[in-house]
Amino acid sequence: MNDTYYEFGTPAERWDRAQLFFGAKEYLTAARILGGLVQEVPEQVAPRLLLARAYYHSARLAKAETELREVLERNPVEDYARLMLGRTLERQGRHAEAATHLRMAHAMTEGLGPGLPAQEQQNQE
């Protein structure tokens, strides 16, 4: 692919740009920008989670699963990654495996309200 303007700039500028594309439901473009950010700063959770969400929404489920497993490898108590992994596995028809992750996500967030992980509650407000 050719380089385009949205792949240039500081990491903060690219992060903002990726969020804008994600918000506009341009998931493939957001994923393209986020892929570079994740390579630059693999230890940061937020770009990797948004990349996984972009993959999920664009039906690139194997890639979403890979990113979510990487988040959980680095941070096993990341409740939103656990929930997203469960939903990604469900969408792939892997219900038994999904159930384990969904139960764990629920257990991690039980005191937060109506059974939603913290990030999902924020997204709904």
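The hydrophobic cluster containing Leu89 does not contain Tyr55, counting ILVMFWY residues as joined when their side-chain heavy atoms lie under 4.5 angstrom apart, directly or transitively. Leu49 is connected to Leu61 through a chain of hydrophobic side-chain contacts under 4.5 Å among Ile, Leu, Val, Met, Phe, Trp and Tyr, so both are in one cluster. No chain of hydrophobic side-chain contacts below 4.5 Å, direct or via other Ile, Leu, Val, Met, Phe, Trp or Tyr residues, connects Tyr80 to Leu50.
Minimum heavy-atom separation, Ala30 to Ala18: CB-O, 3.7 Å. Pairing each heavy atom of Thr88 with each of Tyr56, the nearest pair is OG1-CD1, 3.4 Å. Taking each heavy atom of Arg14 and Ile33 in turn, the nearest pair found is O-CG2, 3.4 Å. Heavy-atom minimum distance, Glu90 versus Leu102: OE2-CD1, 3.3 Å. Summarising the geometry of Ala105 relative to Asp79, their closest heavy-atom pair is CB-O, 3.9 Å, with the distance given to 0.1 Å. The two residues Val71 and Ala81 come nearest to each other via the heavy atoms CG1-CB, 3.6 Å.
For the pair Leu83 and Met104, the minimum side-chain heavy-atom distance is 4.5 Å or more. A 4.5 Å side-chain heavy-atom check between Glu70 and Pro42 finds every atom pair outside the cut-off. Contact annotation: the side chain of Glu65 approaches that of Arg94 to within less than 4.5 Å [non-hydrogen atoms, C-beta and beyond]. Within the 4.5 Å cutoff, side-chain heavy atoms of Leu28 are placed close to those of Arg60. Within the 4.5 Å cutoff, side-chain heavy atoms of Arg82 are placed close to those of Pro76. The closest side-chain heavy-atom distance from Leu51 to Leu37 is not below 4.5 Å. Side-chain contact check for Glu78 versus Val45: some heavy-atom pair is nearer than 4.5 Å.
Using a cutoff of 4.0 Å between basic side-chain nitrogens and carboxylate oxygens, Glu26 and Arg17 are not scored as salt-bridged. Classification of Arg69 and Glu97 as a salt-bridged pair holds, one side-chain N sitting under 4.0 Å from a carboxylate O.
Environment of CD in Glu43: crowded, with over 12 heavy atoms of neighbouring residues, nucleotides or ligands closer than 6.0 Å.
Taken to the nearest 0.5 Å, the CD atom of Glu40 stands 13.5 Å off from the CH2 atom of Trp15. A distance of 12.0 Å separates CD of Glu67 from CG of Leu85, quoted to the nearest 0.5 Å.
Applying the ring-ring contact (aromatic ring centres under 6.0 Å, His included) test to His95 and every residue at least two apart in sequence or in another chain returns nothing.
The aromatic rings of Phe22 and Tyr27 lie perpendicular to each other, with more than 60° between the two planes, well past the 30° mark.
Without hydrogens or angle criteria, Arg48 side chain to Leu34 main chain gives no donor-acceptor distance under 3.5 Å.
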